[in-house]
Amino acid sequence: MEKTDRVVESDVLVIGGGLAGCWAALRAAELGARVTLVDKAQVSRSGASVFAAGVILAPEEGDDLDAWLREIVENGEYLNDQDWVKVFLEDQVKRIKDLIAFGVPFEKEGDANLGRILGRGHQVTRIAMFHGKKMMEAMRKKVGSIKNVTLVERTVITDLLVKSDHEKRVIGAIGFQARSGEPVAFLSPAVVLAAGFATPRFGAGMVDNLGGGGIAMASRAGAKLTNLEFCMNSNITIWERKYICSGINMLQGAGAKFLNSKGQRFMLQYDPVLIERASLSTLARAFAKESLEGRGPIQVDMRHFSRETFERFERVIPKLMRVFKDGGIDPGKVPVECTPNVRVPGNVDCRGIRVDLNCRSSLPGLLAAGACSCNLVHGTYSVGGVNLAYCCVSGYRAGEEAARIGRAGTVGTIPRKEIDQKVSLARAVMQREGETPDDVMLAYRRLVLPAEYSLFPNETRMQFILNKLEELDGIKLRVNDTHEFVKALELKDVILCAKLKFQASLIRKESRGDLYREDFPFRDDISWLKWINIQHTDEGDVVDVEEVPLDRYPVQPAERRQIPYPVQFHFS
Amino acid sequence: MGIQAIDDDKCTCCEICVDSCPMDVIRTGDDGKVHIAYPGDCDCCYLCAEDCPTGAITVSPQQTKASVLCY
């Protein structure tokens with residue numbers, strides 16, 4: 001077996017250099033930890049944070065945070081961890097001030113530092129607007145200015161290293177330089193997974209380098225994962241059925257109208273309160289139902305927007321404006337056709353590695369932050385801007401706790417044999433003959449994305465998908481170089497995340513958030529105010545269904561009942 | 001579709017785009033010249049074109065990879 005020579009040791013290893021990872025690295029380093037921050041591409045040019053299309057939840061001093069909590073919990077369908085929501089709101093007031101101090105350019109309102117608006121789901125809560133790339137450049141500059149952070153880029157982490165002497169604990173990770181293929185071992189008593197979500201090579205539109213590796217490697221190591229049945233995402237990002245670009249949150253906030261082929265604002269019937277500012281899971285299914293029932297195509301109407309609004313878009317979501325321009329579309333003059341970009345798996349919001357208030361996972365030594373952790377601030381999905389705010393809050397908390405663990409702990413002897421075994425195992429995905437990762441990924445997308453499987457499944461169809469996923473997972477992959485090797489690893493991780501998603505979906509017998517079941521087309525607050533936890537062990541996957549402790553939370557549903565899902569559609 | 005070309009007359013081989021691309025589409029060859037190595041993986045993110053100091057890169061917003069829509 002080939003030996004891995006390159007070993008990088010530090011107090012804290014942060015896997016992923018997006019918004020959450022940068023915050024974790026910053027905070028840990030501030031507290032004196034030696035930090036290694038690893039990214040598969042270049043920090044500020046990698047992951048979803050760079051393309052954040054412009055909004056972050058922005059509580060300020062003087063806001064009624066109890067009212068904010070209530071809105072977040074009611075929108076989140078009571079699946080929120082309300083202890084997390086409270087600390088999240090208190091912390092985010094400080095994190096926003098930090099971001100301003102780091103030089104992140106927010107849209108201003110007169111003399112005030114923040115011009116806050118309403119967006120998706122907001123009535124009491126508010127979001128601030130900014131440009132994603134400029135935000136990440138400010139974070140990169142801040143991280144780069146701190147002596148005890150070592151940046152290791154273009155390195156793909158593939159698995160965690162786990163020691164089992166007195167107790168099972170995570171002591172680092174292995175990865176590969178993304179171009180040379182050189183294996184690297186990272187050893188740290190505290191590992192923060194901030195690897196983002198899972199939408200690889202789907203044409204997701206600008207976040208394609210996220211392979212779901214964070215969730216996949218945590219699963220393999222045996223960490224508890226939560227809410228995986230919600231592990232999909234239905235963003236409205238496909239324009240004229242050929243261009244993919246985010247930005248819909250800003251359009252919703254500015255008052256965009258969604259029209260069917262009869263020119264009707266159909267969202268009035270699916271969400272009479274929020275109308276076009278409804279959640280993505282409702283929007284995607286409403287768009288699909290309108291189209292499948294013959295009232296498509298669906299268009300976004302921005303003809304009533306002012307010049308100032310479009311100028312703001314040029315500052316905050318310039319990519320979308322550029323895509324329209326290059327595509328010959330003038331949204332000020334014509335409505336633009338749009339289609340949901342369904343991604344399975346595709347967790348952005350509220351599913352992943354279960355963490356406590358200090359971002360510790362169920363595995364000693366492993367913490368998680370950002371989109372690969374289970375964001376229980378959201379419940380299912382609360383309001384726009386929570387994801388990025390959660391990256392700041394959870395990143396900071398994870399960094400703080402990681403510094404404490406990392407500075408006090410030790411990895412012990414270097415586990416040379418385990419490192420070499422894990423490297424060999426990862427490399428085993430490379431075969432001389434077989435199908436290309438691209439072809440299998442396309443087969444995967446064609447399998448899971450049609451609306452009857454992604455948006456409106458039932459038990460039979462989900463079981464069918466699970467059987468097919470086993471087949472896809474068994475296909476030998478022909479890999480010619482390191483570039484393809486990275487794609488092969490991502491494919492494996494995506495299939496694992498998808499399996500977990502459908503396994504969990506079969507357990508939850510109701511419809512809530514981004515899980516709609518044709519066979520249980522209602523939200524069931526009598527039986528399903530619960531979290532589904534899955535943990536991989538040597539004996540198989542252990543499932544534990546946990547009651548949300550609503551009795552001790554400040555906000556509860558007025559009555560427990562079954563509520564029809566806002567969009568109902570039946571294929572059978 | 002996606003990244004279309006790197007203009008040889010404008011490119012100074014500064015390699016900024018090689019670093020910028022999240023998808024590892026652009027590489028530097030053994031001859032020291034920058035080239036589009038994996039055009040099929042281009043995600044139309046425009047980062048390379050925005051970062052290029054000489055405007056040498058052209059990107060079209062339509063993706064190369066097959067489009068799979070849910071309906």
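The sequence lines fix the lettering, A, B, ..., with proteins before strands; numbering per chain opens at 1. When reading the values below, keep in mind they use all heavy atoms of this one structure, side chains included, and skip hydrogens, waters and symmetry mates.
Using a 4.5 Å cut-off between heavy atoms, A:Phe287 contacts chain B through both its backbone and its side chain. With a threshold of 4.5 angstrom between heavy atoms, A:Ala178 approaches chain B through N, CA, C or O but not through any side-chain atom. Using a 4.5 Å cut-off between heavy atoms, A:Lys40 makes no contact with chain B at all. Contact annotation for A:Val486: neither backbone nor side-chain heavy atoms come within less than 4.5 Å of a heavy atom of chain B. Contact annotation for A:Thr339: both backbone and side-chain heavy atoms come within less than 4.5 Å of a heavy atom of chain B.
Taken from CG in B:Asp41 to NZ in A:Lys487, the straight-line distance is 3.5 Å, to the nearest 0.5 Å. For the atom pair B:Cys45 SG and A:Lys133 NZ, the distance stands at 8.5 Å (nearest 0.5 Å). To the nearest 0.5 Å, the span separating CZ on A:Phe456 from OH on B:Tyr71 amounts to 9.0 Å. Here SG of A:Cys245 is found 10.0 Å from CG of B:Asp43. Values are rounded to the nearest 0.5 Å. From A:His483, atom NE2 reaches atom CZ of B:Arg27 across 7.0 Å, with rounding to the nearest 0.5 Å.
The heavy-atom pair separating A:Pro340 from B:Cys70 by the smallest distance is O-SG, 4.1 Å. Minimum heavy-atom separation, B:Val18 to A:Arg154: O-NH2, 3.1 Å.
A 4.5 Å side-chain heavy-atom check between A:Tyr444 and B:Val68 finds every atom pair outside the cut-off. Side-chain contact between A:Arg45 and B:Asp51 is present, with at least one heavy-atom pair separated by less than 4.5 Å. The side-chain heavy atoms of A:Asp481 and B:Tyr38, taken from C-beta on, include a pair separated by under 4.5 Å.
Panel note: side chain A:Arg322, backbone B:Pro61; no donor-acceptor pair is recorded below 3.5 Å.
Using a cutoff of 4.0 Å between basic side-chain nitrogens and carboxylate oxygens, A:Arg179 and B:Asp24 are scored as salt-bridged.
Counting heavy-atom pairs closer than 4.5 Å to chain B, the top residue among A:Arg241, A:Glu452, A:Glu240 is A:Arg241.
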